[in-house]
Amino acid sequence: MSTEEKSLNFIEQIIEEDLKNGLSNDKLRFRFPPEPNGYLHVGHASAICLNFGLGIDYQAPVNLRFDDTNPAKEEQEYVDAIKRDVAWLGYQWDKECYASDYFQELYDWAIEFIKKGKAYVDSQTSEEIAKQKGTPTTPGTDSPYRNRSVEENLDLFERMKNGEFKEGTHILRAKIDMKHTNMLMRDPIMYRILHKHHHRTGDKWCVYPMYDWAHGESDYLEQISHSFCTLEFLPHRELYDWFLDQIYDATKIRPKQREFARRNLSHTVVSKRKLLQLVEEKHVTGWDDPRMSTISGMRRRGYTPTAIRNFAKTIGIAKRTNLIDVSLLEFCVREDLNKIAPRVMAVLNPVKLVITNYPEGQEEWLEAENNPEEAVMTYRKVPFSRELFIEREDFQEEANKKFFRLTLGTEVRLKNAYIIKGENVVKDANGNITEIHCTYDVDSRSGSGTEASQRKVKGTIHWVSIAHAIPAEVRIYDRLFSHESPDGNKEIDFKEFINPNSLEVITGYVEPSLQTAQNLDHFQFQRLGYFCADKDSSTEKLVFNKTVGLRDTWAKVESKE
RNA sequence: UGGUCUAUGGUGUAAUGGUAACACUACGGUUUUUGGUGCCGUCUUUCUAGGUUCGAGUCCUAGUAGACCAACCA
């Protein structure tokens with residue numbers, strides 16, 4: 001009964017208003033239109049969640065359209081990666097489209113433009129054209145070729161298409177207004193000559209449409225009702241509408257472009273160009289490096305589709321410039337992982353613990369909860385023996401009042417096992433601890449129901465049996481940028497920004513149940529953080545990537561004495 | 001020396017002329033066989049100045065600040 005009044009964001013309000021004004025719900029259609037010139041990143045994830053989310057909410061189809069109008073930058077590899085990423089996020093597109101599917105229609109329309117005197121061939125250099133274009137504060141001037149005859153334009157444009165000219169010698173321009181306050185309306189370029197192989201159309205074309213001439217028309221051909229893009233395209237809207245005016249058939253849906261602010265994330269870069277630079281300059285191992293903000297990087301890092309979708313939903317949509325703190329993304333990741341990640345024991349910085357009163361050669365397989373958050377609890381067995389590894393930092397000889405873990409003379413519980421008491425330590429010549437000796441209370445086994453097993457001790461620590469533990473490579477990631485992400489459009493030197501300690505590779509020991517860990521399964525190494533298994537083809541070893549740390553307060557508490 | 005867009009706690013987003021709220025962060029308390037989780041709480045908000053109105057975060061005007069616009073990129 002209590003249908004919560006959901007507040008609509010401004011995008012939903014636009015749609016609601018259109019529906020109220022007579023647009024039929026079954027005419028709704030959205031699209032996500034990436035250029036296949038790189039991998040998708042967390043910013044695209046927002047756009048994907050917006051468009052596909054609207055599709056789900058309104059039960060409307062969403063097209064996946066590749067904006068492949070520039071063969072110089074686009075590759076099939078990127079098309080494949082984009083499809084994989086959108087699908088991984090959990091969305092299904094209605095039609096898979098390509099701007100290149102429309103090259104013929106666009107060409108035919110361009111001929112009509114010429115015939116109607118709406119377009120002309122300009123034969124100046126790009127420098128001359130740029131000069132005539134003026135600046136945001138000064139008007140442009142007409143090209144000397146602006147008033148060529150229709151016949152000459154038709155002839156020239158056909159010869160451009162037929163490959164008779166070199167790149168840069170001629171372009172087709174829309175004839176609008178060189179003095180327009182919006183620079184995009186100053187006779188924008190519709191076609192340029194590019195003798196490049198296109199990943200889909202091969203060598204069929206050597207004239208390629210520009211974004212502005214292809215995008216709205218693609219929306220129109222696909223009968224997209226709402227075309228959402230980022231705010232930097234806002235000045236393009238006037239041109240989008242002008243092009244549509246020339247070809248629009250009133251019996252059809254006229255697509256509407258609306259803009260929202262792109263999302264910026266602190267401590268990271270959200271720009272394909274900069275991500276490409278990181279890859280090319282080898283600051284990272286590739287587009288799917290777990291430190292990258294790409295969707296494939298986040299996948300390898302262990303972020304889940306649910307977490308990313310919740311993040312997108314939480315940050316919402318608006319029109320103001322923003323810088324979202326990564327801690328919100330990390331919260332979303334923890335929130336999801338807490339529910340689904342099995343708790344397992346692992347020791348990353350081991351020190352040997354010997355239980356002196358535990359029989360030599362004896363082993364027990366103890367029952368352990370997989371995840372206390374589970375609705376129906378499941379269990380696994382973990383091996384216990386006389387010699388264990390524990391985390392080096394879980395032991396201190398001298399007890400601080402706020403230190404709840406193992407010290408000499410105090411009791412602590414080994415998770416899922418027994419209560420032990422620290423007795424003494426063995427040190428090497430340099431005074432480093434090499435072994436800790438302790439005794440255990442045989443009646444204190446977890447779940448045994450004995451009085452001793454009910455006893456409260458102030459700390460619980462984690463362990464693995466040395467004889468049974470499996471060595472694993474563990475990759476600990478830190479933020480790629482230690483302070484703020486480099487911003488602006490100018491060339492940047494990443495060396496000034498990159499955190500040199502963003503990757504640490506260590507060898508840890510994990511409980512044997514992880515031997516069968518599948519690629520990208522999630523785990524909580526108890527008290528250490530969330531991790532995922534990453535199969536590395538170059539090694540037989542188990543490899544784990546640290547996804548995100550736990551929200552840990554002990555360091556803070558202990559530092560306050 | 002132009003045009004367009006934007007302005008709500010440290011961060012992000014709501015409030016659609018009628019009690020400024022939700023989440024994150026930070027901090028405190030509590031539960032806990034994870035210093036995790038859960039639960040409870042605290043701190044911190046409408047850019048400025050006018051105007052319209054019984055009433056303005058919301059509408060209007062001006063100012064201020066930020067963003068975008070001069071690729072044969074998208």
Side-chain angles (χ1 to χ4, degrees), chain A residues 7-10 13 33-35 37 67-70 72-74 122 125-126 129-131 133-140 167-173 180-184 186 189-194 208 210-212 214-215 229-238 259 261 263 266 272-273 314-332 334-335 338-339 343 345 369 371-373 402-405 412-417 419 446-447 453-462 524-530 549-558:
Chain A
S7 66
L8 301 178
N9 63 44
F10 82 97
Q13 286 172 36
E35 182 189 14
N37 67 341
D67 233 330
D68 55 350
T69 57
N70 183 3
K73 290 185 175 175
E74 296 149 7
D122 199 337
T125 64
S126 58
I129 290 170
K131 211 169 176 181
K133 199 156 190 185
T135 70
T137 53
T138 57
E167 288 184 13
T169 54
H170 305 274
I171 54 167
L172 185 73
R173 303 178 76 174
H180 205 287
T181 50
N182 182 349
M183 291 196 70
L184 287 155
R186 319 238 258 231
I189 298 170
M190 295 172 70
Y191 277 96
R192 77 284 214 198
I193 299 169
L194 249 28
Y208 289 93
M210 298 287 288
Y211 165 84
D212 287 302
H215 200 92
C229 60
T230 47
L231 227 37
E232 62 265 32
F233 289 98
L234 198 150
H236 294 248
R237 186 153 107 197
E238 196 171 7
E259 309 80 14
R263 326 318 313 256
S266 72
K272 261 194 234 171
R273 219 202 90 249
T314 306
I315 63 181
I317 203 81
K319 295 179 84 166
R320 52 175 176 158
T321 48
N322 57 75
L323 181 63
I324 298 152
D325 200 295
V326 280
S327 62
L328 182 57
L329 174 58
E330 290 171 346
F331 166 79
C332 292
R334 281 194 205 101
E335 185 187 41
N338 176 52
K339 284 182 286 201
R343 275 53 169 170
M345 293 198 284
E369 283 180 356
N371 186 346
E373 306 295 320
K402 296 278 180 154
F403 188 78
F404 294 170
R405 288 163 283 165
V412 69
R413 176 172 288 285
L414 293 173
K415 176 80 177 169
N416 304 313
I419 291 174
S446 291
S453 72
Q454 309 293 321
R455 194 159 82 236
K456 299 283 180 205
V457 291
K458 64 178 179 178
T460 302
I461 65 171
H462 304 89
Q524 187 195 99
F525 288 1
Q526 296 201 112
R527 264 215 27 251
L528 296 172
Y530 293 101
L550 260 32
R551 218 180 126 262
D552 63 343
T553 51
W554 61 266
K556 233 175 343 198
V557 171
E558 283 175 17

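All chains are named by letter (A, B, ...) in the order of the sequence lines, taking the proteins before the strands, and each is independently numbered beginning at 1. Small disclaimer: the values here were computed from a predicted structure and weren't measured.
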Practice problem: May I ask you to verify whether the side chain of A/Arg413 and the base of B/rU33 hold a donor-acceptor pair under 3.5 Å? | Solution: yes

Exercise. Select one nucleotide: of B/rU11, B/rA74, B/rC73, the one nearest the side-chain heavy atoms of A/Lys73.
Key: B/rC73

Quiz item: Under 3.5 Å, is there an N or O donor on one side and an acceptor on the other linking the side chain of A/Thr460 and the base of B/rU34?
Solution: no

Self-check item: C1' atoms of B/rG17 and B/rC59, separation to the nearest Å
Solution: 8 Å

Exercise. Considering only atom C1', compute the distance from B/rA7 to B/rU19 and round it to an integer number of Å.
Key: 24 Å

Quiz item: So, is A/Arg527 close to the B/rG35 phosphate, meaning a side-chain N or O under 4.0 Å from OP1 or OP2?
Solution: yes

Quiz item: Nearest to the side chain of A/Tyr530 - B/rG36, B/rC68, B/rC73?
Solution: B/rG36

Exercise. Rounded to whole angstrom, note down the P distance from B/rG38 over to B/rU4.
Key: 48 Å

Practice problem: Provide, to the nearest angstrom, the distance between the CG atom belonging to A/Asn322 and the C1' atom belonging to B/rA7. | Solution: 13 Å

Quiz item: Once you round it to whole Å, what is the distance between P of B/rA23 and CD1 of A/Ile317?
Solution: 21 Å

Exercise. Could you please name the option among B/rG35, B/rU4, B/rC68 that lies closest to any side-chain atom of A/Leu234?
Key: B/rU4

Practice problem: Using atom CZ of A/Phe331 as one end and atom P of B/rU25 as the other, report the distance to the nearest whole Å. | Solution: 6 Å

Quiz item: Rounding to a whole Å, what distance do you find between A/Asn416:CG and B/rU34:P?
Solution: 10 Å

Quiz item: OP1 or OP2 of B/rU16 sitting under 4.0 Å from any side-chain N/O of A/Ser7?
Solution: no

Quiz prompt | Pairwise C1' distance for B/rU31 and B/rU37, with rounding to whole Å | solution = 10 Å

Self-check item: Atom pair distance, as rounded to whole Å: CE in A/Met183 and P in B/rC69
Solution: 11 Å

Practice problem: Determine which nucleotide pairs with B/rU48, using a 3.5 Å limit on both distances of a Watson-Crick or G-U wobble pair. | Solution: B/rA62

Quiz item: Between A/Arg173 and A/Ile129, is any pair of side-chain heavy atoms under 4.5 Å apart?
Solution: yes

Self-check item: Check: A/Arg343 and A/Glu373 side chains under 4.5 Å, non-hydrogen atoms
Solution: yes

Self-check item: Conformer about C1'-N of B/rA71 - syn within 90° of 0, anti elsewhere
Solution: syn

Quiz item: NA contact type, A/Thr69, heavy-atom cut-off 4.0 Å: base, sugar-phosphate, or nothing?
Solution: sugar-phosphate

Self-check item: Check: A/Glu238 side chain, B/rG3 base, donor-acceptor under 3.5 Å
Solution: no

Quiz prompt | Listed nucleotide nearest any side-chain atom of A/Ala318, set B/rU33, B/rA14, B/rG36 | solution = B/rA14

Self-check item: Donor on one side chain, acceptor on other, A/Arg413 and A/Ser446, under 3.5 Å
Solution: yes

Self-check item: A/Ser327 side-chain proximity, nearest of B/rC24, B/rU34, B/rC73
Solution: B/rC24

Exercise. Look at A/Thr553 and B/rG36 and indicate whether a side-chain polar atom (N or O) is within less than 4.0 Å of OP1 or OP2.
Key: yes

Quiz item: Rounded to the nearest Å, what distance is computed from the CG atom of residue A/Asn182 to the P atom of nucleotide B/rC68?
Solution: 16 Å

Quiz item: For A/Phe404 and A/Pro136, take the nucleotide of RNA chain B holding the closest heavy atom to each; which residue's nucleotide lies nearer the 5' end?
Solution: A/Pro136

Quiz prompt | Phosphate OP1/OP2 of B/rU13 contacted by A/Arg263 side-chain N/O (<4.0 Å) | solution = yes

Exercise. Check the distance between B/rG36's P and A/Arg405's CZ and give it to me in whole angstrom.
Key: 11 Å

Quiz item: OP1 or OP2 of B/rU33 sitting under 4.0 Å from any side-chain N/O of A/Lys456?
Solution: yes

Quiz item: What's the closest nucleotide to the A/Arg551 side chain, out of B/rA14, B/rA26, B/rA74?
Solution: B/rA26

Quiz prompt | Identified pairing partner of B/rA23, criterion: Watson-Crick or G-U wobble below 3.5 Å | solution = B/rU11

Quiz item: Of A/Glu167 and A/Lys458, whose nearest nucleotide on RNA chain B comes first from the 5' end?
Solution: A/Lys458

Quiz item: Considering only heavy atoms and no angle criterion, is a donor-acceptor pair shorter than 3.5 Å present between the side chain of A/Glu369 and the base of B/rU33?
Solution: no

Exercise. Check whether any side-chain heavy atom of A/Phe233 lies under 4.5 Å from a side-chain heavy atom of A/Arg237, and answer yes or no.
Key: no

Quiz item: If we take the P atom in both B/rG2 and B/rA23, what is their distance in whole Å?
Solution: 45 Å

Quiz prompt | Minimum-distance nucleotide to A/Ser126 side chain [options: B/rG36, B/rC72, B/rA74] | solution = B/rC72

Exercise. Could you tell me whether the side chain of A/His236 reaches within less than 4.5 Å of the side chain of A/His215, counting heavy atoms only?
Key: no

Quiz item: What nucleotide among B/rG3, B/rA74, B/rU33 has an atom nearest to a side-chain atom of A/Ser446?
Solution: B/rU33

Self-check item: Spacing of the C1' atoms in B/rU16 and B/rA21 (rounded, Å)
Solution: 15 Å

Quiz item: When the C1' atoms of B/rG12 and B/rA26 are considered, how many whole Å apart are they?
Solution: 16 Å

Quiz item: If you look at every strand shown and take non-hydrogen atoms under 4.0 Å, does A/Gly447 touch a base, only sugar-phosphate, or nothing?
Solution: base

Quiz item: Could one point to a donor on the side chain of A/Gln13 or the base of B/rU16 with an acceptor on the other under 3.5 Å away?
Solution: yes

Practice problem: Find the partner of B/rU4: check Watson-Crick (N1-N3 plus N6-O4 or O6-N4) and G-U wobble (N1-O2, O6-N3) distances, both under 3.5 Å, and reply none if neither fits. | Solution: B/rA67

Practice problem: May I have the distance from A/Glu373 (atom CD) to B/rU33 (atom C1'), rounded to whole angstrom? | Solution: 14 Å

Quiz item: Does A/Leu329 reach the side chain of A/Ile324, with side-chain heavy atoms less than 4.5 Å apart?
Solution: no

Quiz item: How about A/Lys131: does its NZ atom have over 12 heavy atoms from other parts shown lying under 6.0 Å from it?
Solution: no

Self-check item: Complementary nucleotide for B/rU53 - Watson-Crick or wobble, under 3.5 Å
Solution: none

Practice problem: Taking only the side-chain heavy atoms of A/Asn9 (C-beta and beyond), determine which of B/rA14, B/rA70, B/rU37 contains the nearest atom. | Solution: B/rA14

Quiz item: Which nucleotide sits closest to the side chain of A/Glu35: B/rU34, B/rC73, B/rG35?
Solution: B/rC73

Self-check item: Heavy-atom side-chain proximity of A/Tyr530 to A/Leu550 below 4.5 angstrom
Solution: yes

Self-check item: Separation of the C1' atoms in B/rA20 and B/rU1, to the nearest angstrom
Solution: 40 Å

Quiz item: Under 4.0 Å: is that the gap between some side-chain N or O of A/Arg237 and OP1 or OP2 of B/rG3?
Solution: no

